[in-house]
Amino acid sequence: MAKYNHREIENKWRKIWAESPVNIDDGKKPKYYCLDMFPYPSASGLHVGHWRGYVISDVWSRYKLLNGHYIIHPMGWDSFGLPAENYAIKMGTHPAKTTADNVTSIKTQINQISALYDWDLEFSTTDPDFYKWTQWIFVKMFKAGLAYEKEMPINWCPSCKTGLANEEVVNGACERCGSDATKKNLKQWMLKITQYADRLLDDLDKLDWPEKVKKMQADWIGKSYGAEVDFAVAGREEKITVFTTRTDTLYGATFMVLAPEHGLAASLATDDKKAAVEAYIYESSLKSSVDRLQDKEKTGIFTGSYAINPLNGEKLEIWLADYVLADYGTGAIMCVPAHDERDFEFAAKFGLPIVQVIAKDGIEIPDMTEPYCEPNGTVINSGDWNGMESSHLKATAPEMIEKRGLGKKTTNFKLRDWVFSRQRYWGEPIPIIHCPDCGCVPVPEEELPLLLPNVESYEPTGTGESPLAAICDWVNTTCPSCGASAKRETNTMPQWAGSSWYFLRYIDNKNNDVLVDKEKASKYLPVDMYIGGVEHAVLHLLYSRFYTKFLYDIGYVDFEEPFAKLFNQGMITGKNGVKMSKSKGNVVSPDDLVRDYGCDSLRLYELFVGPPELDSEWDDRGIEGVFRFLSKFYNLVLENKDKNVKPTAEMLRVRHKMIFDITQRLNNFSLNTVVSGFMEYNNKMIELSRNGGIDKETLITGVILLAPFAPHIAEELYKELGGSKLTPGSDTKLTPGDISWSVFANSWPVADEALMADNEKEVAIQLNGKTKKIVLMPADISKDDALAAGKEVLGERLSGEIVKEIYVPGRIVNIVVK
RNA sequence: GCCGCAGUGGCGGAAUUGGUAGACGCACAGGACUUAAAAUCCUGCGGGCUCAACACCCGUACCGGUUCGAUUCCGGUUUGCGGCACCA
């Protein structure tokens, strides 16, 4: 028996593919853009978890290649940003150097996967030729009024010493390092992503994305419909505007609460309350956002002032409480304790009145012990609204309020503008010049890129100033507009800046005139399939959608959504679901496995470990199984290639069922069962081979099906089988552009369902739904004959009166007796 | 607290619209080949009952329902994971 020498085979075909790539753009084939979320060049290298995503995308790419597409399958480096910079600081080496070194070593590892990557398209986000356009987009946004400066308290990571976007704060902690985020008052560049909130929400419907991710984005955008209602303040000029989604409960408002930061908070205090109110406002200002989040126990203070319910003229106490968010809605709420949990809790604690305005199960509860929050039921205690259905009223009341001049209907979003400045060195400089006369002036487009100055000291200052601020000869410049001496903006962009649009650049990565040529963009974009981890559900994926919509609006691309289809692969973990990490010491490197079992075996095993969308625990031992499968298939082909066996009906059946099953599972993205399918059909073919051999065409079919998964062995066996014009065993002749030697020159096989059909089916004979025996029956047996056969099998077990007889063709005979 | 996903042998996991539960693989056990080992091949492998086989019974987290038939559908419970978390 021949030995499957994976090392020899894989080295050989790697060399051949390098000389003569099999993925060729002939201008006629439809394109298919399959993209991996690009990695940041980490020093720790790849582990088997990284491999998984890359294998999935490569299998899919090669499948599309066999379906007649030209594949765009690029790879690049997300090399600006905190992880790269932190690593450089730790090593005491400039990030430009560590980043370049890491790219070199990771690229070597990625090449072991033997993916179809087209390295001509490669770039790093740190390449000036690339970030020129990252800066250019910023300038365009500035000119469009989407980038603006604002001083406000933002999320601040004391460990990373930089401001963070809302999206980067997870449970009050820095998404990167896990430190508790604090607030810091800083002048920041902001991107007006909120202007796109509606489109970002509505266009989710167009996307073939996991529902989970779409929902996470929808929740993050957080649109709610309701009304802004004006409440007069008793005895004063001012009015207080509140936002509510439950306009239907307006008659049930029994008090009001303002955030301590509300503009009127202090001035509403009556003389006797002044000291206490000011103390409360001061105390709240000391609380961190984390404290305010975790402190569920409600606090508050009565201002002494009253508001008037615009509908019924009732006097409402105005309170301050820090459970009301200053930066959502108007920073003030009307409180309906009967129908809101938080208001109920507050009313209960401070003894405020509770008025029920929606009947629960048709009744008014005399002493409510818990709020009734469902918006359905008959409206009561609500003047002219009495008797209406609350869900209907909820939808129509905002309009009625507006007509009566009491407020206006409106929508609110949870989404906030994007805090875009980072007080760190390793990022794109924000191309803005601060002129004492002209204000903020963008660096002229023709002067881009604005290079990141190369400096000795790049550690974060922690003061809220970027390290760039210390480089006087860089900071001091002249205003492009008036020529006066001016200063450069010293903050840099977040890591997300480059990744928000990088997928466009692969198409045209050497273009110095435009970020991507319009014709090329129109031909090759958008991305058809995007593969990566779910951790970017609201960060990168939301930002990319925003950037794409902006570039669409200013006419640079002709599509509004960057990623038509999204696939999130599950994580590969160590034992007991523990995330692989250096510190846990449970990282499995692919290098040894490739050496011992080969790239093809590891590719298959990465898929075989479990459903691709779920997390899977890694167990090295399982790779033996796929290696054995490849060895057996290798031998099966070599043993049968010269036998000239004529295909029998059984061989045709196996061949076409194999095509059908593999294709269907692949289309369903059930890649783990594709691999088990190969093993199953391999076992069947081995069985056939033992009974006299197997025909060549069936073997070639198996090889083509296997090619996207295990490309090296597929090429080798295809050649051994004399695929195309090749002479088995001879050296492969390479002519540029001619790939007739390759298994990838084939089309994906098509199953002939007529040839798949079995003559006989295994039918389960059931008595009262319990299987008693399995018998072979002709596939075309009539119902009566099948039932008769079934009864015969059951024989004397069949006592009592038969009440029902069921025949499911080719599957079940079920006799029901009483 | 709210929302989503999941619970199947010793393990990873399979099961078209409800239709033979445990495919495929790992591990394990026994056997063949070998002086021996490795590799390879063959056989077995959910539990109970049984010396064994046949037969029978139980079995897809738990309880209940619909159905001739439920891992699949419905109601309830529970455990684990993920997301959101005072957004009015």
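So you know, we letter chains A, B, ... as the sequences are listed, proteins then strands, and number each from 1. Just so it is clear, the values below take in all heavy atoms, side chains as well, and ignore hydrogens, waters and symmetry mates.
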>> With rounding to the closest Å, how many angstrom separate the P atoms on B:U71 and B:U66?
In response: 16 Å
> Should B:C51 form a Watson-Crick or G-U wobble pair with both distances under 3.5 Å, which nucleotide is its partner?
Replying inline: none
> In a check of side-chain contact (heavy atoms from CB on, under 4.5 Å) between A:Tyr807 and each of A:Asn814, A:Ile781, A:Asp784, A:Ile812, which one passes?
Replying inline: A:Ile781
> Touch check for A:Arg811, heavy atoms < 4.0 angstrom, all strands: base, sugar-phosphate only, or nothing?
Replying inline: base
> Considering every strand shown, what is the Watson-Crick or G-U wobble mate of B:A29 when both distances are under 3.5 Å?
Replying inline: B:U43
>> Of the options B:G25, B:A88, B:U20, whose atoms approach the side-chain atoms of A:Ile774 most closely?
In response: B:U20
> Are A:Thr241 and A:Asp230 close enough that a side-chain donor and a side-chain acceptor fall under 3.5 Å?
Replying inline: yes
> With rounding to whole Å, what would you report as the distance between B:C2 and B:U77 at their P atoms?
Replying inline: 11 Å
>> Say we look at B:G4 and B:U43: how far apart would their P atoms be, to the nearest angstrom?
In response: 48 Å
>> Under 4.0 Å, counting only non-hydrogen atoms across every strand here, what does A:Asp343 touch: a base, just sugar-phosphate, or nothing?
In response: nothing
> If the C1' atom of B:U60 is compared with that of B:A70, how far apart are they to the nearest Å?
Replying inline: 10 Å
> Taking the side chain of A:Met679 as its heavy atoms from C-beta onward, which of B:G25, B:G13, B:A88 lies nearest to it?
Replying inline: B:G25
>> Heavy atoms only, 4.0 Å cut-off, all strands: where does A:Arg416 land among base, sugar-phosphate and nothing?
In response: base
> With sugar-phosphate meaning primed atoms plus P, OP1 and OP2, does A:Val609 contact a base, only sugar-phosphate, or nothing at under 4.0 Å between heavy atoms?
Replying inline: sugar-phosphate
>> Students often get this wrong, so: under 4.0 angstrom with heavy atoms, is A:Lys212 touching a base, only sugar-phosphate, or nothing?
In response: sugar-phosphate
> Where the side chain of A:Val816 is concerned, which of B:C84, B:C68, B:A14 is the nearest nucleotide?
Replying inline: B:C68
> Whole Å only: how far is the CZ atom of A:Phe629 from the P atom of B:G12?
Replying inline: 23 Å
> Rounding to a whole Å, what distance do you find between A:Tyr605:OH and B:G13:P?
Replying inline: 10 Å
> Is there a donor and acceptor pair closer than 3.5 Å between the side chain of A:Lys298 and the base of B:C86?
Replying inline: yes
>> Under 4.0 Å, counting only non-hydrogen atoms across every strand here, what does A:Glu762 touch: a base, just sugar-phosphate, or nothing?
In response: base
> Has A:Lys349 got its NZ or CZ under 6.0 Å from the middle of the six-membered ring of A:Phe346, at an angle within 45 degrees of the ring axis?
Replying inline: no
> So what does A:Lys772 hit on the nucleic acid, given a heavy-atom distance under 4.0 Å: a base, only sugar-phosphate, or nothing?
Replying inline: sugar-phosphate
> Under 3.5 Å, side chain of A:Asn640 to main-chain N/O of A:Ile694, donor-acceptor pair present?
Replying inline: yes
> For A:Glu805, which contact category applies under a 4.0 Å heavy-atom criterion: base, sugar-phosphate, or nothing?
Replying inline: nothing
> Out of B:C26, B:A23, B:C68, which nucleotide sits closest to the side chain of A:Ser676?
Replying inline: B:A23
> When the nearest nucleotide of RNA chain B is assigned to A:Gly677 and to A:Thr245 on a heavy-atom basis, which residue is associated with the more 5' position?
Replying inline: A:Gly677
> Which base, if any, makes a Watson-Crick or G-U wobble pair with B:U34, both distances under 3.5 Å?
Replying inline: none
> Of A:Val242, A:Leu406, A:Ile318, which is the lone residue that meets side-chain contact (heavy atoms from CB on, under 4.5 Å) with A:Phe231?
Replying inline: A:Val242
>> With rounding to the closest Å, how many angstrom separate the P atoms on B:G65 and B:G47?
In response: 29 Å
>> Please pick, from B:A27, B:G13, B:A23, the nucleotide with the shortest atom-to-atom distance to any side-chain atom of A:Arg628.
In response: B:A27
>> By nearest atom, which of the nucleotides B:A55, B:C24, B:G13 is closest to the A:Ser616 side chain?
In response: B:G13
> What's the closest nucleotide to the A:Val170 side chain, out of B:C68, B:C84, B:G19?
Replying inline: B:C84
> Applying a 3.5 Å limit to both distances, which nucleotide forms a Watson-Crick or G-U wobble pair with B:C2?
Replying inline: B:G83
> Given atom CZ of A:Phe678 and atom P of B:G25, what is their separation to the nearest angstrom?
Replying inline: 14 Å
> Taking OP1 and OP2 of B:A14, is either one under 4.0 Å from a side-chain nitrogen or oxygen of A:Asn672?
Replying inline: yes
>> Roughly how many Å apart are B:C26 and B:G19, using the C1' atom of each and rounding to a whole number?
In response: 30 Å
>> On a heavy-atom basis, which atom in A:Ala751 and which in A:Met756 lie closest, and how many Å separate them?
In response: CB-SD, 4.1 Å
> Counting side-chain heavy atoms from C-beta on, which of B:C68, B:C26, B:C24 comes nearest to A:Glu680?
Replying inline: B:C24
> Starting at the 5' end of RNA chain B and moving along, which residue's nearest nucleotide shows up first, A:Pro611 or A:Tyr328?
Replying inline: A:Pro611
>> Heavy atoms from C-beta onward define the side chain here; which of B:A88, B:G19, B:A23 lies closest to that of A:Asn814?
In response: B:G19
>> For the C1' atoms, the ones on B:G64 and on B:C11, what distance do you get once it is rounded to whole angstrom?
In response: 32 Å
> Does A:His6 reach the main-chain N or O of A:Asp596 with its side chain, forming a donor-acceptor pair under 3.5 Å?
Replying inline: yes
> Counting only heavy atoms not in A:Lys579, do more than 12 sit closer than 6.0 Å to its NZ atom?
Replying inline: no
>> Measuring to OP1 and OP2 of B:C42, would you say a side-chain N or O of A:Arg690 lies under 4.0 angstrom away?
In response: yes
> Roughly, in whole Å, what's the span from CD1 in A:Ile806 to P in B:U67?
Replying inline: 13 Å
> Below 4.0 angstrom from OP1 or OP2 of B:G25, is there any side-chain N or O of A:Thr673?
Replying inline: no
> Syn or anti for B:G69, with syn set at within 90° of 0?
Replying inline: anti
>> Taking only side-chain N and O atoms of A:Asn568, does any of them lie within less than 4.0 angstrom of OP1 or OP2 on B:G82?
In response: no
> Would you say A:Lys770 reaches B:C58's phosphate, i.e. side-chain N/O to OP1/OP2 under 4.0 Å?
Replying inline: yes
> Is A:Glu535 atom CD crowded by more than 12 heavy atoms from other residues, nucleotides or ligands, each under 6.0 Å away?
Replying inline: yes
>> Rounding to an integer number of Å, can you tell me how far A:Gln664 CD sits from B:A14 C1'?
In response: 14 Å
> If you check the A:Lys632 side chain, which of B:C68, B:C41, B:A27 turns out closest?
Replying inline: B:C41
> Checking all strands, does A:Ser224 fall into the base, sugar-phosphate, or nothing category for heavy-atom contacts under 4.0 angstrom?
Replying inline: sugar-phosphate
> Say you draw a straight line from CG of A:Asn683 to CD of A:Glu687; how long is it, rounded to the nearest 0.5 Å?
Replying inline: 9.0 Å
> Looking only at atom P, what distance separates B:G76 and B:C3, rounded to whole Å?
Replying inline: 12 Å
>> Using a heavy-atom cut-off of 4.0 Å across all strands, would you classify A:Asn412 as base, sugar-phosphate, or nothing?
In response: nothing
> Just how far, in rounded Å, is P of B:G19 from OH of A:Tyr807?
Replying inline: 16 Å
